[in-house]
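Proteins get letters first, then strands, A, B, ... in listed order; numbering begins at 1 in each.
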Amino acid sequence: MANRCQFENSNDIGVFSKLTNAYCLVALGGSENFYSVFESELGLSMPVIHCSIGGTRIIGRLTAGNKNGLLVPNTCTDQELKQIRNSLPDEVKVKRVEEKLSALGNCVACNDYVALIHSDLDKETEEIIADTLGVEVFRTTVAQQVLVGTYCCFNNQGGLVHPLTTVEELDELANLLQIPLCAGTVNRGSDIIASGLVVNDVAAFCGLDTTSTEITVIEKIFKLQDKNKQNMEVQIRQDMMQELE
Amino acid sequence: MNQGNQDKRKQRDYEDDDSEEEEIEQPISVHNKGDMEEEINLDFVFLDPNQKQFHSIKTFMNGYLEGISFKSSELANIICDQVELGTMVGQEDEDNVFGFTTILNIGEIKSNVIGEILHYVDTKSQQFNKQHQQLQHIFQTPKKIGLFINERILNLAPQLVPILHNQLKEDINWLQKEDPSNSLTNLDYLLVITKSFKDNDQQKQTQKKSTTDLNDLIFQKFEDFVFLQKSVVSFRFLSEGSKQTQQVSDFMKTEQDGQICYRLIYLIQLKDYLAQIANIEKYVQQ
């Protein structure tokens, strides 16, 4: 299911939160409304951890992670790192990365199997990503943009990319990732996909301004629809076809 | 209604008759590490409000009520739809807006967001305003009050500011000629919600002094200082937002003991505002 929410009037959910299949990080200082949307949807199945990175709240853009691990930038303090490590499940490896491109969330887009990274990321960082997150790593661009983590967002079932991505690029990326991809927008036409949306295999959260068309696209491409709803749609379609015949 | 106003807009006497834009070239000097001064020419364009600017306007409006949750998207929509009054400054062929000014008629707009803003002003006024009675009296005729929204990025070239305000003045004059029945032509007062800062050290020293000394304040927008001097009602209070961000960056406090943020709310008569615009230009020339 895709849910709409806001962090202190900002529709940039993906800036203030990070969602994976094993845990969820949220920034400090938001209203109870924001946290309750996450907690009610994710329930007891995964920990919702309040944290900051380098004293800032833009944790979604600074960190990269999946169910296997979490990478934090060198701006993360020891205290914050300790707190995150203590709150995360034991299976999740946490590593601090010494990299000049410290906004890891903007430079890395990943699911539990594959990661796309910024073309200028260090070789060492690439190896750390492959090792800690347990993924296959590809250096690529999305719609001629090097900030792959900003302009695309994917889970294990599907992905959404920048609206100006060409068909050829879509095919190429879908091949690399082995999942269906779709070009689209969030938050009423914003092309900064990952700042407006966080998604895992069972839930997605996007800004309040996201239109119902955008939500429909999100639910379809990330395969978040209820199985019952999907069956119902198929049934309705079949009935309509029968009537037309 | 909107369509009608857009048609009227195009008949205005501009230098470029068909365009709704004015280009102003602003040469800005830049120093380059011991090299000779380099001049970069930037072209700014002044535009009418437009739906394409929605995202920029919404970003500006997010912090309007100190981070309190309110319908900022609705407000951004209303601003973008009001073509007849309002000016945006941006660049050619780009939808990003660097600053804008507009006036919304509080009594005419049927939207929850105006109610939320008025409720906020009323609550703060009850707590902090010595002239609360006067404010309530003025608010009894909401159709005579305009919400004056004046936002821009922090480092926008100051030379552009008088132009933004002058454009508003021209818009009002044009409306008075072309559509005198428009509610925006009959405003008496402007309500302004804005920000100012005070040095942390000074705060401790001047605690016993009168809090109405404008010279102690550092204004985020310099023209607020000019307008405040002619305001009929004004009050200020500590910004709630600054307390929240301190919560996150407490451990970095030694580097941030700079300034305390105050919210300012004031009412100025429309005729005084229009008269003071000329004084803003003097500030820029200094």
Side-chain angles (χ1 to χ4, degrees), chain A residues 4-13 15-17 25-37 49-60 62 75-84 163-164 185-193 195-196 206-212 214, chain B residues 50-81 93-97 111-113 116-117 119-120 149 151 193 195 239-258 261 263:
Chain A
R4 291 186 179 97
C5 54
Q6 255 192 346
F7 184 90
E8 275 189 13
N9 266 333
S10 169
N11 288 314
D12 294 323
I13 306 303
V15 172
F16 300 104
S17 61
L25 301 177
V26 290
L28 292 167
S31 69
E32 275 317 305
N33 275 342
F34 180 68
Y35 302 127
S36 63
V37 174
I49 301 156
H50 296 219
C51 63
S52 66
I53 303 275
T56 69
R57 303 193 285 179
I58 51 170
I59 60 173
L62 295 180
T75 51
C76 182
T77 65
D78 293 334
Q79 205 179 354
E80 288 164 345
L81 186 56
K82 197 171 164 192
Q83 195 241 327
I84 293 171
L164 295 179
T185 60
V186 294
N187 282 339
R188 196 174 145 164
S190 169
D191 53 5
I192 313 174
I193 308 293
S195 81
C206 51
L208 268 185
D209 280 340
T210 311
T211 63
S212 40
E214 289 169 339
Chain B
N50 189 313
Q51 271 301 326
K52 290 189 216 162
Q53 299 148 349
F54 172 81
H55 286 286
S56 298
I57 307 291
K58 158 101 190 170
T59 311
F60 281 119
M61 293 289 92
N62 272 342
Y64 192 54
L65 299 184
E66 328 174 77
I68 290 170
S69 190
F70 77 108
K71 296 187 171 69
S72 52
S73 299
E74 252 185 68
L75 186 60
N77 243 345
I78 294 169
I79 294 171
C80 292
D81 282 340
D93 292 338
E94 279 217 14
D95 296 328
N96 287 329
V97 166
S111 167
N112 289 337
V113 66
E116 283 178 335
I117 295 172
H119 175 75
Y120 170 82
I149 306 181
E151 299 291 334
I193 304 174
K195 252 195 250 189
S239 174
E240 287 289 321
S242 55
K243 287 185 200 161
Q244 273 187 348
T245 46
Q246 274 172 24
Q247 180 193 12
V248 176
S249 55
D250 252 342
F251 74 94
M252 281 168 67
K253 211 170 180 181
T254 46
E255 293 167 16
Q256 282 187 0
D257 53 359
C261 181
R263 287 283 160 155

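Contact of Ser10(A) with chain B is made through backbone and side chain together, with heavy-atom distances under 4.5 Å. For Asn77(B), the part lying under 4.5 angstrom from a heavy atom of chain A is the side chain only. Proximity to chain A is absent for every atom of Leu65(B), based on heavy atoms less than 4.5 angstrom apart. Both the backbone and the side chain of Phe70(B) come within contact range of chain A, each with at least one heavy atom under 4.5 Å from a heavy atom of that chain. Only the side chain of Gln51(B) comes within contact range of chain A, with at least one heavy atom under 4.5 Å from a heavy atom of that chain.
Contact check for Leu208(A) versus Ser73(B): no side-chain heavy atoms found under the 4.5 Å cut-off. Contact of the Glu8(A) side chain with the Phe16(A) side chain is not registered, since no non-hydrogen atoms from C-beta on lie closer than 4.5 Å. You'll find the side chain of Ser239(B) stays beyond 4.5 Å of the side chain of Lys195(B), heavy atoms only.
Applying the side chain to side chain donor-acceptor pair (under 3.5 Å) test between Asn187(A) and each of Thr211(A), Asn11(A), Thr210(A) identifies Thr210(A) as the sole match.
Within a 6.0 Å sphere centred on NE2 of His50(A), other residues, nucleotides and ligands contribute more than 12 heavy atoms.
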